[in-house]
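What follows is a single structure, written as structure tokens, with notes after it.
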Amino acid sequence: MKLEKEKQDRREKKSKRSSKDREKDSELNGKHKPSSKMKQSDRPSGVSRNDGQQKPGSPEINKNKEKTRSKSSKQRHSHKQRTADVKLCGEDENLCESVQTRKKKRVKDEESPEKHDKNQSSGRKRKKTSSEHKAEKNKKTKKDGDQKEKKKGEESDKWKWWEEGKSSDTQKWSSLEHKGPYFPPEYEPLPDNICFYYDGQPMKLSPATEEIVTFYAKMLDHEYTSKEVFQCNFFSDWKEEMTKEERKLIKMLSKCDFSQIHKYFVEKSEERKNMTKEEKQVLKEEASRLMEEYGFCLLDGHREKIGNFKLEPPGLFRGRGEHPKMGKLKKRIQPEDVTINCSQDSKIPAPPAGHRWKRVQHDNTVTWLASWLENIHGRPKYIMLNPSSKLKGEKDWQKYETARRLKMKVDSIRKQYRRDWTSREMKSRQRGVAIYFIDKLALRAGNEKDDESADTVGCCSLRVEHITLHRRLDGQEHVVEFDFLGKDSIRYYNKVPVEKQVFKNLKLFIKHKDPEDDLFDRITTVKLNKTLNECMPGLTAKVFRTFNASTTLQDQLNKLTTEGMTVEEKILSYNRANRAVAILCNHQRAAPKTFEKSMQLLQEKIQKKKEQIEEAKKELKEAKKAHKDAPSDKSKKLLEKKEKAVQRLSEQLKKLQLQETDREENKVIALGTSKLNYLDPRISVAWCKKHQVPVEKIYNKTQRDKFAWAIDMTDENFQF
DNA sequence: CCTTCCACTTAGGAAAAAGGGC
DNA sequence: GCCCTTTTTCCTAAGTGGAAGG
């Protein structure tokens with residue numbers, strides 16, 4: 001209960017402060033000298049970061065759950081309204097007026113020629129290939145020539161969309177056809193001999209109620225079913241779905257016995273594991289048939305993979321961290337909940353027999369194929385394309401180009417925020433320090449959140465309680481100790497020496513504040529981004545993460561790779577560079593369950609190898625002696641053989657040791673996220689080409705698909 | 001201005017598949 | 001081929017940020 005109240009208080013404080021207080025914006029007589037130069041390299045190495053996840057405070061039961069949401073669901077109808085517009089005016093190929101004009105303003109800025117021209121000069125060699133001519137022709141004929149193109153697209157010799165010109169920012173496609181989402185199978189009732197018990201008595205439940213019970217029973221051996229919040233949410237949602245009779249009888253969760261059902265599912269999964277090869281094969285074929293049918297769409301005549309063509313099955317919501325909604329029932333999605341988006345003249349996907357779609361629309365300013373409202377938060381969810389698609393790939397490319405533009409601009413931005421540190425206005429100082437954190441520490445923006453979700457923060461939402469100021473610590477001056485839960489309730493823990501002026505400002509910011517007050521009470525992400533956007537079009541807080549990540553990778557690779565390294569060593573270097581980024585971005589993972597064990601195994605292996613080397617060396621010595629005492633062809637050969645053996649073993653040892661280091665350093669670091677989302681793939685591709693490392697060693701199949709554009713266009717000279 | 005909505009990217013864990021030693 | 005580990009893929013939650021609405 002306490003937590004809830006604190007949150008409430010916090011909100012009130014912030015909003016109270018808002019109008020009057022903010023306008024007055026305390027005048028500061030900034031007599032502070034601007035402090036010394038900023039080194040780009042003084043980023044913390046992050047070594048002390050990884051204390052793993054934190055289990056914060058006591059669980060909180062969400063009593064008045066419906067209160068907040070009911071209102072907003074009303075407003076959500078506006079969604080309908082807007083898209084209805086689109087439908088009305090979507091008569092011809094052209095974009096709906098209203099949507100288009102609204103978005104145009106923004107587009108103008110962004111459509112600056114920068115994108116492709118720059119790419120081409122820095123990225124790939126510019127050649128007028130035949131495919132390019134083709135591409136141009138394609139574009140022209142796109143509207144009327146769809147039929148022909150469809151066939152070509154299905155043959156799918158990989159669409160090199162990156163060789164075509166940049167496409168419109170507003171209009172995402174001109175034709176889109178798909179099969180609609182795949183619905184998960186219906187619920188299969190339990191066999192008669194498997195029963196739910198209440199208060200010791202067997203009880204037959206209605207199918208709907210029983211299904212919900214199975215959700216809970218399946219997760220019984222998971223830790224969160226023991227949490228009070230989880231149980232409360234579950235029980236209250238469950239009761240809602242019970243029949244009257246059931247509700248009358250079932251009064252307490254603690255009297256419910258799911259163990260037989262639980263056991264049943266454990267056995268079932270065991271069975272699945274023990275299936276024969278043939279059975280598994282059948283299943284596999286079934287899955288690929290499904291993929292074939294539902295997994296692709298036809299976008300502008302090209303067959304593109306869909307990211308998530310299967311609708312999310314019903315179940316119990318499992319938020320991350322201390323989520324107030326954990327355990328709530330996630331309902332089964334009905335066709336009547338689903339909106340379809342496709343082109344007007346395409347074959348409209350058929351809803352399951354006896355059902356209809358909520359709506360079918362033809363809005364080509366969005367990229368999604370289907371959407372529905374998820375019932376836990378009442379937010380929309382979408383079916384969208386796979387990262388290998390043009391729509392995603394082009395956006396990704398664009399993202400890295402924006403980050404590269406920041407690279408050119410970052411010095412002046414740094415100058416500016418340093419000036420802000422001594423501004424007379426509180427809000428400028430706060431903004432200056434916030435941007436400094438975002439730049440230096442790659443913090444996330446930190447939008448405001450409602451309290452229907454876990455209490456996590458980013459830069460702008462940091463609270464006083466999340467930092468500790470140390471005048472000096474461990475021989476360093478002006479150290480800020482950060483300790484907070486970020487996205488996904490991953491703990492960010494870091495001790496960072498900052499510049500004196502920042503330190504002073506922080507002291508000022510926390511003066512007369514309670515721990516649960518906002519550290520930056522005069523700024524929001526919106527204002528911050530507005531400022532950034534004025535510095536550089538397209539610049540927002542998140543660009544800094546991309547920029548810093550890619551810059552770090554590039555620097556580290558340049559630093560860590562030398563000629564004459566073996567491929568394995570180069571890969572270790574790459575991983576280390578990747579790791580530096582992951583640490584910067586605080587990408588963590590739970591230590592693998594078997595980490596200690598497998599580490600030990602590896603060490604044993606290493607030990608054995610060492611012994612083998614000793615042995616081989618001894619033999620080598622003997623051979624040497626023998627050769628010296630009585631030189632002969634045979635003895636010489638033997639000597640060479642032994643030398644080679646020693647050498648071979650040493651190499652193997654080295655490889656193992658490399659592996660050991662790599663694994664040890666990677667214990668709680670997740671490399672995947674940065675690789676997939678923050679590192680300009682052209683850096684990696686260029687590095688591979690330059691150092692003769694096969695790109696497959698760096699990117700697996702999925703990654704190669706996603707980054708096909710970069711792999712194809714990048715030469716070894718690319719620098720971020 | 002603030003709040004809400006919407007669409008999109010970014011995220012870690014679970015499940016499934018692949019790899020490798022016997 | 002089997003068993004165990006490691007890697008990949010799948011899943012969907014949780015962010016960001018632009019725009020609408022009031």
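Everything numeric here is computed off the predicted structure, so don't read it as measured data. Proteins come first, then strands; the chains are lettered A, B, ... in the order of their sequence lines, and each starts at number 1.
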Next on the checklist: Between A:R289 and A:E292 (salt bridge meaning N to carboxylate O under 4.0 Å), is one present in this structure?
Outcome noted: no
Checklist entry - Between A:D169 and A:K172, does at least one N-O distance fall below 4.0 Å, as a salt bridge requires? => result no
Item to check | Distance below 4.0 Å between A:K172 side-chain N/O and B:dC8 OP1 or OP2 | outcome: yes
Next on the checklist: Between A:K381 and B:dA7, is there a contact of a side-chain N or O with OP1 or OP2 at under 4.0 Å?
Outcome noted: no
Item to check | Euclidean distance, atom CD of residue A:E374 to atom C1' of C:dA14 [Å, nearest integer] | outcome: 11 Å
Checklist entry - Are the side chain of A:S550 and the backbone N or O of A:F547 linked by a donor-acceptor pair below 3.5 Å? => result no
Next on the checklist: So that I know where these two stand, are A:F234 and A:F215 an aromatic pair - ring centroids less than 6.0 Å apart?
Outcome noted: no
Checklist entry - Below 4.0 angstrom, N of the basic side chain to O of the carboxylate: do A:D396 and A:K392 qualify? => result no
Next on the checklist: Ring centroids only, cut at 6.0 angstrom: are A:F317 and A:H323 within range, meaning strictly under it?
Outcome noted: yes
Checklist entry - Hey, are the side chains of A:C585 and A:N548 touching, using non-hydrogen atoms and a 4.5 Å cut-off? => result no
Checklist entry - Quick one: is B:dA7 close enough that its OP1 or OP2 comes under 4.0 Å of any side-chain N or O from A:T367? => result no
Item to check | B:dA11 OP1/OP2 closer than 4.0 Å to side-chain N/O of A:R545 | outcome: yes
Item to check | Separation of atom NZ in A:K273 from atom C1' in B:dA14, rounded to whole Å | outcome: 13 Å
Next on the checklist: Can you measure A:Y224 atom OH to C:dA13 atom C1' for me and round it to whole angstrom units?
Outcome noted: 12 Å
Checklist entry - For C:dT6, does either OP1 or OP2 sit under 4.0 Å from a side-chain N or O belonging to A:R663? => result yes
Checklist entry - Any side-chain N or O of A:R272 under 4.0 Å from OP1/OP2 of B:dA15? => result no
Checklist entry - Are OP1 or OP2 of B:dT9 and a side-chain N or O of A:Y382 less than 4.0 angstrom apart? => result no
Checklist entry - Whole-Å distance between B:dA7 C1' and A:I383 CD1? => result 15 Å
Between the protein and nucleotides 15-17 of chain C, are there any N/O to N/O pairs under 3.5 Å, and if so, what are the atom names and distances?
from: C:dG15; atom 1: OP1; to: A:T456; atom 2: OG1; distance (Å): 2.8
from: C:dG15; atom 1: OP1; to: A:D488; atom 2: N; distance (Å): 3.1
from: C:dG15; atom 1: OP2; to: A:K449; atom 2: NZ; distance (Å): 2.7
from: C:dG15; atom 1: O6; to: A:R379; atom 2: NH2; distance (Å): 2.9
from: C:dT16; atom 1: OP1; to: A:A445; atom 2: N; distance (Å): 3.3
from: C:dT16; atom 1: OP1; to: A:G446; atom 2: N; distance (Å): 2.7
from: C:dT16; atom 1: OP2; to: A:N447; atom 2: N; distance (Å): 3.0
from: C:dT16; atom 1: OP2; to: A:N447; atom 2: ND2; distance (Å): 3.3
from: C:dG17; atom 1: OP1; to: A:T540; atom 2: OG1; distance (Å): 2.8
from: C:dG17; atom 1: OP1; to: A:A541; atom 2: N; distance (Å): 3.2
from: C:dG17; atom 1: OP1; to: A:K542; atom 2: N; distance (Å): 2.8
from: C:dG17; atom 1: OP2; to: A:N529; atom 2: ND2; distance (Å): 3.0

Next on the checklist: Side chain of A:N677, heavy atoms from C-beta onward: which of B:dT10, C:dT8, B:dA14 has the nearest atom to it?
Outcome noted: B:dT10
Item to check | Nucleotide of B:dA11, B:dA7, C:dT12 approaching A:W368 most closely (side-chain heavy atoms) | outcome: B:dA7
Item to check | Residue A:K395, side-chain atoms from C-beta onward, closest of C:dA13, B:dT10, B:dT9 | outcome: B:dT9
